[in-house]
Amino acid sequence: MTGDWVVCPPADVLPPYARFVLELENGARIVLADPRALASVELLQPGAPLATLLGPDAVSDTFDAAHLRGALARRRIAIKPALLDQSVVAGIGNIYAAEALWLARIDPRTPAVDLSARDAARLVRAIRRVLSRGRDGSGRYTTAGAARLNVYDREGKRCPRCGTAIARIVQAARSTYWCPGCQVSPAPRAARP
Ligand SMILES: [Zn+2]
């Protein structure tokens with residue numbers, strides 16, 4: 001989900017980047033304004049469980065390496081945008097995806113389908129670590145842990161692990177910060193012994 005929900009009085013013009021409009025009986029409209037057009041909207045029958053649209057919560061026991069590999073098995077996209085797909089795993093945002101991939105030493109451009117069982121296990125542990133650091137006592141995510149960010153928003157600064165300059169690339173219209181020195185691509189699946 002990207003963008004914002006905007007409530008529009010009946011006579012108002014739609015806000016810029018209106019992608020989805022829900023008109024109410026009183027004429028007011030609820031508008032999804034999404035400049036990047038990355039949001040998706042699902043229409044459900046009344047009473048349908050929302051959980052079917054979401055992968056397991058990243059901090060739950062059902063999120064493990066087997067689930068992650070299964071969910072990524074047919075994904076040709078890179079691992080970083082795949083981690084932001086809430087149907088793969090719920091609760092990982094852009095900052096945490098970058099930090100978890102750095103912690104697991106995985107190149108964010110790695111095709112999701114090429115993630116080995118060992119990579120997946122390391123990535124799941126890394127995700128748990130960065131999420132637990134980012135949550136405050138009430139379980140909410142905070143930016144209080146920002147001082148401990150290793151790659152996010154640190155383009156050109158030195159990697160705390162290997163000293164290489166942190167790079168920034170754009171994947172699926174989002175910034176990805178990563179270390180070209182110590183985040184490596186696994187060998188393609190076919191090339192592995
Ligand atoms: Zn590094």
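Just so you know, ligand 1 is whichever comes first in the structure, and atom 1 is the first atom listed for that ligand.
- Remark: the S116 side chain and the D119 side chain contain an N/O donor-acceptor pair separated by less than 3.5 Å.
- Within the protein, the N, O or S atoms lying under 2.8 Å from the Zn ion (ligand 1) are C159 SG, C162 SG, C179 SG, C182 SG.
- By the side-chain contact (heavy atoms from CB on, under 4.5 Å) test, A82 is found to be paired with L72, I77, A112, residues two or more places apart in sequence or in another chain being considered.
- For D85, the side-chain contact (heavy atoms from CB on, under 4.5 Å) partners two or more places apart in sequence, or in a different chain, are R75, S87, V88.
- Tracing side-chain contacts under 4.5 Å through hydrophobic residues (I, L, V, M, F, W, Y), one reaches V89 starting from L115; they form part of the same cluster.
- Placement of I79 and F63 within a single hydrophobic cluster is found when ILVMFWY residues are connected by side-chain heavy-atom separations under 4.5 Å, directly or transitively.
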Solution key, residues 12-23 side-chain donor-acceptor pairs under 3.5 Å, sequence neighbours excluded:
unit_1	atom_1	unit_2	atom_2	d
R19	NE	D34	O	2.8
R19	NH2	D34	O	3.2
R19	NH2	P35	O	3.2

